[in-house]
2 protein chains.
Amino acid sequence: MATVSRTLAGNYPVSEETRTRVMAAVASLHYVVNVHAKALSGRVAGPVALVIKDITGPSLAHVAAGVEQEAADRGRLSLVCATHDDPAREDDLVQLMREQHAAAVLLVGGAVPGEAYDRRMAGYAEALDAAGSRLVLVGRPSPAPDLPLTVVDYDNRGGAFQAVSHLLAHGHRRVLFLGGEAGMSSAEERRAGYRDALRAHGVDHHGDLDTIGTYTRTSGYARTRDALRDGPEFTAVFAASDMVALGALAALREAGRDVPGDVSVVGFDDVPFATDLTPALTTVRVPYAELGRTAVRLALSSGEAPTGEDHVVLGTQLIIRQSVRRLTW
Amino acid sequence: MATVSRTLAGNYPVSEETRTRVMAAVASLHYVVNVHAKALSGRVAGPVALVIKDITGPSLAHVAAGVEQEAADRGRLSLVCATHDDPAREDDLVQLMREQHAAAVLLVGGAVPGEAYDRRMAGYAEALDAAGSRLVLVGRPSPAPDLPLTVVDYDNRGGAFQAVSHLLAHGHRRVLFLGGEAGMSSAEERRAGYRDALRAHGVDHHGDLDTIGTYTRTSGYARTRDALRDGPEFTAVFAASDMVALGALAALREAGRDVPGDVSVVGFDDVPFATDLTPALTTVRVPYAELGRTAVRLALSSGEAPTGEDHVVLGTQLIIRQSVRRLTW
DNA sequence: GGACGGATAGAAAACGATTACTGTTCGATC
DNA sequence: GATCGAACAGTAATCGTTTTCTATCCGTCC
């Protein structure tokens, strides 16, 4: 037994003849080591766990791809789990990952911040840290400093600011904001960016232009249709996600409004087909794959370096295409 | 030790007082079982492994979502691995999954059939079967009967037949086919469906209308642009994937050809945003999520039922939208 | 009142690796 | 020619559970 183990590991002198015999036996028996036994004694590199609301979203799929790639490069497997927005499921999964001895647990996607949230995250962080794992919050608010966790976020507020500034710089003054759900961190940040931009350009904020809803095509469609029908007046739309922008474009088309002739539209996410819409959608690019890669990189190196980075914010970039036009009176 | 194990498993009488003491200790120590130790003795449900070329593609993400959901419903975790089309990596992953004691290994996406392919799949099937796992080929050719593997495929040929028949029924006779790579199973089947439809409608097959390329936007764009510039003449395009259709639409728009006024277009896959293109794309819907769910279901029940199904073909459906119009002379 | 059996709890043997010890062999050194 | 150490092979402890076996206690039943 010992000799076989040493032959396969190659960390101990084994005579050429023995090595050959072992290899022959391994081949003829189709032997493969048992990870469980291996993990019980020697050290085994634990998997990286990706806990996500839903893998289907075009942007989240890119996060997953980044995670998988970086994990694979470092010899780790990737576990992917969907929560479908159920906090109880999230609790279970963190527990499960502790059992699995995951090297890192990545919680991806916006959340509703608050005391309850902070408590939950603190609990996760402590529990995982005690088990030698690492909690990483990706695109989620940071609960409190001094917790053993890593945060990898992107600049929601800045991205929204750029997008709205772009519209304002083109002369638009009445910008319909199709925002996300109230309370959700990323939605609130994008909303804050929208308001920042208005303020920076000295434009009054109109409450009825500042709408709340989900990041779905349906919601974008309904809100745009309602605004077109019942007011308020607007000459531009800032959709807090490209899916919402899709709905807005559909509603505008249906109402016979030309984009960008009559109404300008800016989205958020830069989904792959944004450039294939008519008109090609001006939107805010979020480095989703990079987000996933960074999360894994920081998590796996957090053990080594004593003073590794544990809070990173990636930048966003406005991608200018054809859905915005200067407003002329 | 025994008592703790029994208390947590709840499969043996334990006095109320002992149970309380155990639970208190578990809570105060933040104890969680070690899966590895558990797997070594008692039985543990192994994970489901999804081996895929690239998670980013909109259709593959849906397969992944289906797999994850069905696996989670059955209490399994999902491992996701990307091969980036590297056969050596595929070999490694199958080996790795054997070590991991995966309950099922799903190989997803087209492949180049042939003797080499058959031999590789046979090797995988035997090796996994010997380890108590199950190989599932999803959307891939079936190598040979009587191998311990499951095939879950969808009707590429029938879907293509429907799509092209739809165009022919609308009077089109010169249909540019933007096919996939030569040799790839799914691409060849869609090509066969294209030719079937031509034959069924008594339309001659023109070799120069029957093109080969990759399933990318770029390839669709280049081939359509070249055809517009150098011939052959065509009044309709059948793109073997929606990404290719995207490229075709871009090239047509650029050339000032109206869709569907001048040229009709049909795609394949029904990606989520197909309905948001201008015009909304008529395309063939493939039940990707269902494919993933079915694969997991069959794999996990293959052990139980002695005569379970081990070869399933799911149907496809033509989704008629606005990118096809009757050809008038 | 002793035999029997149900309810509990502990002891010990797996599960399949890794690795610190022990041994053995054999060439080199003084 | 005895000693030493390098090269290699085998023994046994260990990792953390689960699951037989045993063992104890006690109430029941004749």
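Letters A, B, ... mirror the listed sequences (proteins, then strands); counts begin at 1.
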Does [X] have a side-chain nitrogen or oxygen under 4.0 Å from the phosphate oxygens OP1 or OP2 of [N]?
X       : N      : answer
A:Ser15 : D:dA9  : yes
A:Thr3  : D:dG10 : yes
A:Thr18 : D:dC8  : no
A:Tyr31 : C:dA17 : yes
B:Asn11 : D:dT18 : no
B:Ser41 : D:dT19 : no

Roughly how far apart are [X] [atom1] and [Y] [atom2], rounded to 0.5 Å?
X       : Y        : atom1 : atom2 : value
A:Tyr12 : A:Ser5   : OH    : OG    : 11.5 Å
A:Leu93 : A:Gln100 : CG    : CD    : 10.5 Å
B:Leu79 : A:Ser78  : CG    : OG    : 8.0 Å

From the set [options], return the single nucleotide nearest to any side-chain atom of [X].
X       : options                : value
B:Leu40 : D:dG16, D:dT17, D:dA7  : D:dG16
B:Ala37 : D:dT17, C:dT8, C:dA17  : D:dT17
A:Tyr12 : C:dT18, D:dC8, D:dC21  : D:dC8
B:Val33 : C:dT19, C:dA9, D:dT17  : D:dT17
B:Arg6  : C:dA12, C:dA17, C:dA9  : C:dA9
A:Asn34 : C:dA12, C:dG16, C:dT19 : C:dG16

B:Glu70 bridged to B:Arg76 by N-O distance under 4.0 Å:
no
[X] has an atom [atom1]; how far is it from atom [atom2] of [N], in whole Å?
X       : N      : atom1 : atom2 : result
B:Lys38 : D:dC15 : NZ    : C1'   : 17 Å
B:Glu17 : C:dA9  : CD    : P     : 8 Å
B:Arg43 : C:dG16 : CZ    : P     : 8 Å
B:His36 : C:dT18 : NE2   : P     : 14 Å
B:Leu8  : D:dT18 : CG    : P     : 7 Å
A:Met1  : C:dC15 : CE    : C1'   : 11 Å

Tell me what [X] touches on the nucleic acid: a base, only sugar-phosphate, or nothing, going by heavy atoms under 4.0 Å.
X       : answer
B:Val32 : sugar-phosphate
B:Val4  : nothing
B:Val35 : nothing

Are B:Arg134 and B:Thr150 linked by a side-chain donor-acceptor pair shorter than 3.5 Å?
yes
A:Tyr124 side chain to A:Asp91 side chain, donor-acceptor N/O pair below 3.5 angstrom:
yes
